[in-house]
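Written below as structure tokens is the structure these notes are about.
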Amino acid sequence: MAIDWTESKYLEAEPGQYITVARKAKGTSNWFVGNVNGETPRTSNIKFDFLEKGKKYTATIYADAKDAHYKTNPQAYVIRKVVVTNKSKLSQLSAPGGGYAVSIIEIKK
């Protein structure tokens, strides 16, 4: 995970409920998306339209498992990888008191 960013985009937010932010690592074409959710479970729907056109990326998604809950099952998570472009969309569960993180790394030809 980078610690210095060149760009930040707020993809979705509701004060006191949830927020999803995308940040581009300085000096690279890599992005990182983070989501934090309140007590109400929800499905987050985001677009990857902030990615550069014509490029492909590997997205590693670290997300709440279906049975995750901050009180009863806080360490239930799943990890998966998918290929994404600037036309891709993500529909992702965000459990009560949970969230997800996505590491988006450009696939070099």
Side-chain angles (χ1 to χ4, degrees):
M1 170 82 91
I3 57 170
D4 201 4
W5 313 103
T6 57
E7 195 172 347
S8 295
K9 299 200 176 276
Y10 293 84
L11 305 178
E12 59 179 8
E14 183 64 42
Q17 299 298 315
Y18 59 87
I19 187 167
T20 306
V21 179
R23 290 187 167 171
K24 186 176 184 184
K26 187 174 186 177
T28 74
S29 58
N30 302 333
W31 285 82
F32 298 89
V33 175
N35 168 272
V36 178
N37 192 47
E39 292 185 12
T40 305
R42 63 181 302 275
T43 299
S44 180
N45 294 293
I46 62 169
K47 297 177 184 176
F48 290 103
D49 57 358
F50 54 87
L51 298 175
E52 192 172 330
K53 292 179 183 176
K55 292 189 176 184
K56 290 184 179 181
Y57 301 80
T58 299
T60 304
I61 304 165
Y62 306 84
D64 297 322
K66 289 183 181 182
D67 61 344
H69 190 283
Y70 76 100
K71 285 183 181 178
T72 59
N73 199 10
Q75 300 209 8
Y77 64 92
V78 293
I79 301 170
R80 70 182 198 274
K81 289 187 179 191
V82 296
V83 174
V84 297
T85 68
N86 72 317
K87 295 180 181 177
S88 298
K89 296 178 183 178
L90 174 66
S91 180
Q92 181 61 56
L93 168 69
S94 201
Y100 59 86
V102 184
S103 171
I104 305 169
I105 309 298
E106 181 183 353
I107 298 171
K108 304 285 185 178
K109 293 182 181 182

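Count residues from 1 along the sequence.
In this structure, Asp49 CG and Lys53 NZ are separated by 9.5 Å, a value rounded to the nearest 0.5 Å. Atom OG1 of residue Thr20 and atom CD of residue Glu12 lie 3.5 Å apart, to the nearest 0.5 angstrom. To the nearest 0.5 Å, the span separating NZ on Lys81 from OG1 on Thr60 amounts to 4.0 Å. Atoms CD and CD, on Glu39 and Gln17 in that order, are 9.0 Å from each other to the nearest 0.5 Å. For the atom pair Lys66 NZ and Leu93 CG, the distance stands at 9.0 Å (nearest 0.5 Å). Annotation: the span from Tyr18 atom OH to Asn37 atom CG amounts to 9.0 Å, rounded to 0.5 Å.
For Lys56, the side-chain hydrogen bond (donor to acceptor under 3.5 Å, both in side chains) test picks out no residue, with sequence neighbours left out. Partners of Glu52 according to the side-chain hydrogen bond (donor to acceptor under 3.5 Å, both in side chains) rule, which considers only residues two or more places apart in sequence or in another chain, are Lys55.
Ala25 and Phe32 get closest at one heavy-atom pair: CB-CE1, 4.0 Å. Shortest non-hydrogen contact noted between Gly27 and Thr6 is N-CG2, 4.1 Å. A pairwise comparison of heavy atoms in Ala68 and Pro96 identifies O-CD, 3.9 Å as the closest pair. What you find for Asn86 and Gly54 is that their closest heavy atoms are OD1-N, 4.4 Å. Shown here for Lys108 and Ser29, the closest heavy-atom pair between the two residues is NZ-OG, 4.4 Å. In terms of heavy-atom proximity, Asp64 sits nearest to Gly99 at OD2-N, 2.9 Å.
Of the charged side-chain nitrogens involved, none lies within less than 4.0 Å of a carboxylate oxygen, so that Arg42 and Glu14 do not count as a salt-bridged pair.
Residues Ser44 and Gln92 have side chains that never bring a donor and an acceptor to within less than 3.5 angstrom of each other.
Taking Ile, Leu, Val, Met, Phe, Trp and Tyr as members and joining any whose side-chain heavy atoms lie under 4.5 Å apart, directly or through other members, the hydrophobic cluster of Trp31 also contains Leu11, Val33, Ile46, Phe48, Phe50, Leu51, Tyr57, Ile61, Val82, Val84, Leu90, Tyr100, Val102, Ile104.
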